[in-house]
S.K.: 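Structure in structure tokens, see below.
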Amino acid sequence: MNTLLRIDSSLRTEGSYSRTLGDYFIRQWQTKNPEGIMIERDVTRKLIPHITQKTVDAFFSEIPDSENIELSDELINELYQCNEILITCPMYNYGIPSSLKAYFDLVIRTKKTFAGSSIPKGLLANKKAYIISSMGGISTETLNPLENHLTQLLSLMGITEISYFPLDGTVDQSRTGEKILIQQSEILKQLNAYATDTTSH
């Protein structure tokens, strides 16, 4: 039985490109996995606090204060429970939302999601990740800044099988309307293929 962890990070709870595409992916995934389990983590609706010195100290303590790592343990447990991860992420100021960065600050944790220091080894191998990103500008790189950053974070935890579904140019007046819909349509086709392909899980 497949378990999917969905992580949403857009500030817009309505009219969000990334959330809308994420909703479509979920519908296809549920059709393919009628008995599958979905865990939802919305870092906007339920904000993740930024990491503090007390939390960092607890990470490295032999007898950590449970109060300071309770949320970290909960988020990491969700990662271990799932075998697939969907991240929907818009670009804010050329980077990922601060709430999503706060999430990763709590789950990238030595001896929990990676081991070693000079050459870290991820402990969450054999998981599949999907990144749905949206940005106002047009990316000319193979991976846009969001995908690059998230790939580094996921890879550190051992998650290297990653599929990308970028939607860019959403604020370019020359590309709005029909052109955006065409691009969305192509992404929907890709999402449908990945969500229903029996060889991708």
Side-chain angles (χ1 to χ4, degrees), residues 3-13 16 18-19 22 37-137 139 141 143-162 164 166:
T3 299
L4 173 71
L5 170 61
R6 176 179 180 172
I7 304 170
D8 289 306
S9 59
S10 175
L11 291 173
R12 298 170 64 185
T13 55
S16 164
S18 60
R19 287 182 186 273
I37 298 172
M38 188 173 71
I39 303 170
E40 296 185 80
R41 175 62 63 174
D42 192 318
V43 298
T44 296
R45 287 190 170 99
K46 189 175 181 180
L47 286 174
I48 303 294
H50 291 288
I51 198 168
T52 65
Q53 183 64 52
K54 288 183 179 180
T55 305
V56 174
D57 291 343
F59 285 171
F60 293 95
S61 173
E62 293 296 328
I63 307 176
D65 182 348
S66 60
E67 181 180 351
N68 288 309
I69 61 170
E70 182 178 4
L71 179 56
S72 173
D73 286 343
E74 178 183 342
L75 299 176
I76 290 172
N77 184 51
E78 290 176 351
L79 286 168
Y80 272 99
Q81 287 181 57
C82 75
N83 54 299
E84 297 180 86
I85 303 164
L86 169 66
I87 300 175
T88 68
C89 177
M91 174 181 281
Y92 294 145
N93 297 321
Y94 301 98
I96 66 174
S98 62
S99 56
L100 187 57
K101 176 60 167 61
Y103 170 88
F104 279 104
D105 283 343
L106 288 179
V107 299
I108 295 180
R109 184 171 155 197
T110 184
K111 298 181 181 180
K112 291 290 185 177
T113 55
F114 76 94
S117 54
S118 57
I119 305 178
K121 178 182 179 181
L123 303 178
L124 294 175
N126 302 317
K127 296 183 186 294
K128 171 78 173 178
Y130 309 92
I131 298 175
I132 296 176
S133 61
S134 62
M135 53 188 290
S139 177
E141 304 297 328
L143 294 182
N144 66 45
L146 305 177
E147 294 168 338
N148 268 320
H149 193 180
L150 292 173
T151 296
Q152 291 178 325
L153 298 173
L154 291 168
S155 297
L156 180 56
M157 298 188 290
I159 303 169
T160 57
E161 189 177 358
I162 306 171
Y164 308 94

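Count residues from 1 along the sequence.
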S.K.: Is Lys46 paired with Glu40 through a side-chain N to carboxylate O contact shorter than 4.0 Å?
M.R.: no
S.K.: For Cys89, does its backbone N or O pair with a side-chain atom of Ser133 as donor and acceptor, under 3.5 Å?
M.R.: no
S.K.: Please lay out, stage by stage, how Gln81 and Ile37 fare under the test side chain to side chain contact (heavy atoms under 4.5 Å, CB included).
M.R.: CA-CA 10 Å; Gln81 287 181 57; Ile37 298 172; over 6 Å; no
S.K.: Rounded to the nearest 0.5 Å, how far does CG of Leu106 lie from OG1 of Thr55?
M.R.: 6.5 Å
S.K.: Do Pro49 and Leu71 have side chains that get closer than 4.5 Å, going by heavy atoms?
M.R.: yes
S.K.: Are Met91 and Asn144 side-chain neighbours, meaning at least one heavy-atom pair lies under 4.5 Å?
M.R.: no
S.K.: Does Leu100 reach the side chain of Leu150, with side-chain heavy atoms less than 4.5 Å apart?
M.R.: yes
S.K.: Check Thr88 against Gly22 and note the closest heavy-atom contact, atom names and distance.
M.R.: CG2-CA, 3.9 Å
S.K.: Could you check whether atom CD of Glu70 has more than 12 heavy atoms from other residues, nucleotides or ligands sitting under 6.0 Å from it?
M.R.: no
S.K.: Donor-acceptor check, side chain of Arg19 to backbone of Ser10, threshold 3.5 angstrom: yes or no?
M.R.: yes
S.K.: Distance-only, no hydrogens or angles: does the Lys54 side chain make a donor-acceptor pair with backbone N or O of Asn68 under 3.5 Å?
M.R.: no
S.K.: Using distance alone, with no hydrogens and no angle criterion, decide if Asp57 and Gln53 have a side-chain donor and acceptor under 3.5 Å apart.
M.R.: yes
S.K.: Hey, is the main chain of Arg41 close enough, under 3.5 Å, to the side chain of Tyr103 for a donor-acceptor pair?
M.R.: no
S.K.: Using modelled atom types and a 3.5 Å cut-off, is there a donor and acceptor pairing between side-chain atoms of Thr113 and backbone atoms of Val107?
M.R.: yes
S.K.: If I take atom OG from residue Ser134 and atom CG from residue Leu146, how far apart are they, to the nearest 0.5 angstrom?
M.R.: 7.5 Å
S.K.: List the steps, then state whether side chain to side chain contact (heavy atoms under 4.5 Å, CB included) holds for Leu86 with Ile132.
M.R.: CA-CA 8 Å; Leu86 169 66; Ile132 296 176; 3.7 Å; yes
S.K.: Heavy-atom count check: over 12 atoms from other residues, nucleotides or ligands less than 6.0 Å from Lys112 NZ?
M.R.: no
S.K.: Over all heavy atoms of both residues, which pair between Tyr94 and Pro145 is shortest? Give the atoms and the distance, please.
M.R.: O-CB, 4.2 Å
S.K.: For Ala115, does its backbone N or O pair with a side-chain atom of Thr110 as donor and acceptor, under 3.5 Å?
M.R.: no
S.K.: To the nearest 0.5 Å, what is the distance between CG (Asp73) and OG (Ser66)?
M.R.: 8.5 Å
S.K.: To the nearest 0.5 Å, how far apart are CD1 in Ile96 and CG in Asn148?
M.R.: 12.0 Å
S.K.: Check whether any side-chain heavy atom of Ile131 lies under 4.5 Å from a side-chain heavy atom of Leu154, and answer yes or no.
M.R.: yes
S.K.: Once you round to the nearest 0.5 Å, how far does OG of Ser98 lie from CG of Leu11?
M.R.: 7.5 Å
S.K.: Begin with the C-alpha distance, continue with both residues' side-chain angles, and end with the deciding distance and a verdict on side chain to side chain donor-acceptor pair (under 3.5 Å) for Thr151 and Tyr164.
M.R.: CA-CA 10 Å; Thr151 296; Tyr164 308 94; 2.8 Å; yes
S.K.: Indicate yes or no: at least one non-hydrogen side-chain atom of Ile69 is less than 4.5 angstrom from one of Arg109.
M.R.: yes
S.K.: Calculate, to the nearest 0.5 Å, the distance between atoms CG and CG belonging to Leu75 and Asp105 respectively.
M.R.: 11.5 Å
S.K.: For the pair Asp8 (side chain) and Asp42 (backbone), establish whether a donor and an acceptor sit closer than 3.5 Å, ignoring hydrogens and angles.
M.R.: no
